[in-house]
**Q** 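Dropping a structure here in structure tokens format, bear with me for questions.
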Amino acid sequence: MAPRILIVGGGGREHAMAWQCAQTAGEVLVAPGNAGTAREPRVRNVAVNADDIDALIALATRESIDLTIVGPEQPLVAGIVDRFHAAGLACFGPTAQASQLEGSKAFSKAFLARHNIPTASHAVFTDFTEAEQHIRTRGAPCVIKADGLAAGKGVVIADTVETACDAARDMLVDNQFGSASSRIVVEDFLQGEEASFIAITDGRTLLSLATSQDHKARDEGDQGPNTGGMGAYSPAPVVTEAVQQHVVDDIMLPTLRGLADDGIDYCGFLYAGLMIDTDGCASVLEFNCRLGDPETQPILRRLQTPLHTLCRAALEGSLADVDTAWEDGAALGVVLASAGYPQSSRTGDVIDGLQRAASKQGIKVFHAGTRSDAAGRALVSGGRVLCVTALGPSVQAAADSAYDAAQLIEWPGRFMRRDIGHRAIARERNDD
């Protein structure tokens, strides 16, 4: 009998997860979901917030859910997996203790240092005066990070000392990110190219997913403020076969061993944000304890093996017996955002052109910040609104298809980056 799946969350990542699981599962419930998941065959939205753990447990029990997969980081850090397991319910994701790898950058940096896993040198501060003194002594460039969860926006890459001090003041004095920035990490700026390395693990076996790369800066040329991600593609050419083996041997497996040595059981997605230098050496920029957004969208366009099968195998300790199948070629996703993002979001506008875009061959539009009105129309309800994804034999071909479809979708103030995948496309041109 096909399993009944619950996806926790309501963004683009969760839409992609629900869509992928629905290909082979029975019914897929999404809590709370969005206007896109509401339109998927065999998918049903349930009006339960992702942070309402009591209501989610009641929902999973009432609906006889076989497996719950958690999308966002907040409920993981809050202990949703611990609570589900205590209630006798299968739930895929790391425990609250293990989720501190993402929940606290100070925790993560101390872990990396303790286990000799490559990362930038750093210092941690709760007092602005001390942080300012450190910044002025060490100089720029440097990176200022809010310690806690800040929806991908709590990172400032500072080219000057004054920019770094302003960022530290915004976080520590002005509470820019609330309690998430009551402590900050100041670390060295690393040169290179970023990539996302995401795996599924049961704490012993590591199953690497397809490599990917996202674009966090708002504007073309990787300029402007950091966002949650303006687009992504898979695979990431910078992660060559040699680099991938290096990441597995020197970062991912030592991380699993370090967690075990620290007495932390880790079962879930393990995401290492990496900086890869010109010699192919990788350093950890951050850990996430869930799938990335928007990396999930192109990755799951390529994944042919049911996602829920992989998650179940990890929970049952049989991940070593599972193989994965992938679409050849590339997948690319372009995020369409609302006016004002990332500082603010204009909401309530009707989204036009969704059907025209979706009718294009090879296109899948994943919703993120959307909701349905009484007439069933999709409305803007957040900063990152949609992710238009395409498959192609190359990153260039996938980008051409994605942008061809994305330009058909409109609402007032809608914007997107026009250069998603530019590094990979440049490599493809050089290889021709």
**Q** How far does OG1 of Thr211 sit from CD1 of Ile198, to the nearest 0.5 angstrom?
**A** 10.0 Å

**Q** So, Gln213 and Glu193: side-chain donor and acceptor under 3.5 Å apart, yes or no?
**A** yes

**Q** Just to verify, what does Arg414 make a salt bridge (charged side-chain N to carboxylate O under 4.0 Å, His left out) with, not counting sequence neighbours?
**A** Glu410

**Q** Kindly say whether Asp279 contributes a backbone atom to a donor-acceptor pair with the side chain of Asp277 at under 3.5 angstrom?
**A** yes

**Q** Does the pair Glu27/Arg4 count as a salt bridge with the N-to-O cut at 4.0 Å?
**A** yes

**Q** I'd like to know if the side chain of Arg312 reaches the main chain of Asp66, judged simply by a donor and an acceptor atom lying under 3.5 Å from each other, with no hydrogens or angles considered.
**A** yes

**Q** Could you tell me which residues satisfy salt bridge (charged side-chain N to carboxylate O under 4.0 Å, His left out) with Asp219, sequence neighbours excluded, listed by chain and number?
**A** none

**Q** Distance check, rounded to the nearest 0.5 Å: Leu190 atom CG versus Cys281 atom SG?
**A** 12.0 Å

**Q** Return the minimal non-hydrogen interatomic distance between Val388 and Ala405, and the atom names on each side.
**A** CG1-CB, 3.9 Å

**Q** Please enumerate all residues that pass ring-ring contact (aromatic ring centres under 6.0 Å, His included) together with Phe125, with sequence neighbours excluded.
**A** His134

**Q** side-chain contact (heavy atoms from CB on, under 4.5 Å) with Tyr266: which of Asp202, Thr255, Thr95, Leu101?
**A** Leu101

**Q** Side chains of Ser181 and Gln176: donor-acceptor distance under 3.5 Å anywhere?
**A** no

**Q** Provide the closest heavy-atom pair for Arg302 versus Ala210 in the form atom of the first, atom of the second, distance.
**A** NH1-CB, 3.4 Å

**Q** Is a side-chain N or O of Arg417 found less than 3.5 angstrom from the main chain of Val334, in a donor-acceptor match?
**A** no

**Q** Show me the pairs that pass side-chain hydrogen bond (donor to acceptor under 3.5 Å, both in side chains) and involve residues 392-402, at least two apart or across chains.
**A** Gln396-Asp400, Gln396-Arg429

**Q** What distance do Ile69 atom CD1 and Arg13 atom CZ have between them, rounded to the nearest 0.5 Å?
**A** 12.5 Å

**Q** Determine, for Glu428 against Arg423, whether the closest basic-nitrogen to carboxylate-oxygen distance falls under 4.0 angstrom.
**A** no

**Q** Hey, could you give me the OG/NE2 distance between Ser108 and His122, rounded to the nearest 0.5 Å?
**A** 9.0 Å

**Q** Looking at Ala120, is its backbone amide N or carbonyl O close enough to the side chain of Lys109 to form a donor-acceptor pair, meaning the two atoms are under 3.5 Å apart?
**A** yes

**Q** Tell me whether Gln343 at atom CD has more than 12 heavy atoms from other residues, nucleotides or ligands lying less than 6.0 Å away.
**A** yes

**Q** Rounded to the nearest 0.5 Å, how far does CZ of Phe197 lie from OH of Tyr271?
**A** 12.5 Å

**Q** List the residues meeting salt bridge (charged side-chain N to carboxylate O under 4.0 Å, His left out) with Arg169, not counting sequence neighbours, and say none if there are none.
**A** Asp166

**Q** Would Asp214 and Lys216 satisfy salt bridge (charged side-chain N to carboxylate O under 4.0 Å, His left out), going step by step from the backbone distance to the final call?
**A** CA-CA 6 Å; Asp214 76 333; Lys216 291 185 173 64; 3.1 Å; yes

**Q** Among Leu285, Val185, Asn226, Ile144, find the residue that satisfies the side-chain contact (heavy atoms from CB on, under 4.5 Å) test when tested with Val155.
**A** Asn226

**Q** Test of understanding: with ring-ring contact (aromatic ring centres under 6.0 Å, His included), list the residues that count as partners of Tyr403, not counting sequence neighbours.
**A** none

**Q** Who passes ring-ring contact (aromatic ring centres under 6.0 Å, His included) against Phe84, sequence neighbours left out?
**A** none

**Q** Work out which heavy atom in Ala140 is nearest to a heavy atom in Ala158; give both atom names and the distance.
**A** CB-O, 4.1 Å

**Q** Is there a donor-acceptor pair closer than 3.5 Å between any side-chain N or O of Thr370 and the backbone N or O of His367?
**A** no

**Q** Give every residue pair that meets the salt bridge (Lys or Arg N to Asp or Glu O under 4.0 Å) criterion with at least one member in residues 358-370, sequence neighbours excluded.
**A** Glu40-Lys364, Lys360-Asp404

**Q** Start with the C-alpha distance between Leu315 and Cys267, add both sets of side-chain angles, then the distance that settles side-chain contact (heavy atoms from CB on, under 4.5 Å), and finish with yes or no.
**A** CA-CA 7 Å; Leu315 283 172; Cys267 180; 4.0 Å; yes

**Q** Decide if atom CD of Gln304 counts as having more than 12 heavy atoms of other residues, nucleotides or ligands within a radius under 6.0 Å.
**A** yes

**Q** Quick one: OG on Ser381 to CG on Asn34, what's the gap to the nearest 0.5 Å?
**A** 7.5 Å

**Q** Give a yes or no answer on whether the side chain of Thr205 reaches the backbone of Leu319 with a donor-acceptor pair at less than 3.5 Å.
**A** no

**Q** Please lay out, stage by stage, how Asp262 and Arg257 fare under the test salt bridge (charged side-chain N to carboxylate O under 4.0 Å, His left out).
**A** CA-CA 9 Å; Asp262 290 350; Arg257 290 193 293 268; over 6 Å; no

**Q** Angle between ring planes, His115 versus Phe111, binned at 30° and 60°: parallel, tilted or perpendicular?
**A** tilted

**Q** Given Ile5 and Met17, is the side-chain contact (heavy atoms from CB on, under 4.5 Å) satisfied, shown in steps?
**A** CA-CA 10 Å; Ile5 307 296; Met17 293 164 68; over 6 Å; no

**Q** Taking only residues two or more places apart in sequence or in another chain, which ones pass side chain to side chain contact (heavy atoms under 4.5 Å, CB included) with Asp328?
**A** none

**Q** On a heavy-atom basis, which atom in Glu162 and which in Arg136 lie closest, and how many Å separate them?
**A** OE2-NH1, 2.8 Å

**Q** How would you list all residue pairs meeting side-chain hydrogen bond (donor to acceptor under 3.5 Å, both in side chains) that involve residues 98-107, not counting sequence neighbours?
**A** Glu102-Arg290, Ser104-Asp147, Ser104-Arg183

**Q** Please list, chain by chain and in numerical order, all residues satisfying side chain to side chain donor-acceptor pair (under 3.5 Å) with Thr24, sequence neighbours excluded.
**A** His308

**Q** Under the 3.5 angstrom rule, does the side chain of Gln223 hit a backbone N or O of Gly221 as a donor-acceptor pair?
**A** yes

**Q** Taking the side chain from Arg218 and the backbone from Pro342, do they hold a donor-acceptor pair closer than 3.5 Å?
**A** no

**Q** Using modelled atom types and a 3.5 Å cut-off, is there a donor and acceptor pairing between side-chain atoms of Ser372 and backbone atoms of Gly376?
**A** no

**Q** Can you find a side-chain donor-acceptor pair between Tyr233 and Ser212 that sits under 3.5 Å?
**A** no

**Q** Any chance the side chains of Thr389 and Arg301 put a donor and an acceptor closer than 3.5 Å?
**A** yes

**Q** Taking all heavy atoms of Cys289 and all of Leu76, pick out the closest pair and write down the distance.
**A** O-CD1, 3.5 Å

**Q** Before accepting this row, confirm whether a basic side-chain N of the pair Arg377/Asp349 lies closer than 4.0 Å to the acidic partner's carboxylate O.
**A** no

**Q** Would the distance check show the side chain of Arg346 and the main-chain N or O of Gly340 forming a donor-acceptor pair, the cut-off being under 3.5 Å?
**A** no

**Q** Minimum heavy-atom separation for Cys21 and Leu307, please, with both atom names.
**A** SG-CB, 4.2 Å

**Q** Mind checking what makes ring-ring contact (aromatic ring centres under 6.0 Å, His included) contact with His422, not counting sequence neighbours?
**A** His215

**Q** Side-chain donor-acceptor pair under 3.5 Å between Thr163 and Thr160, yes or no?
**A** yes

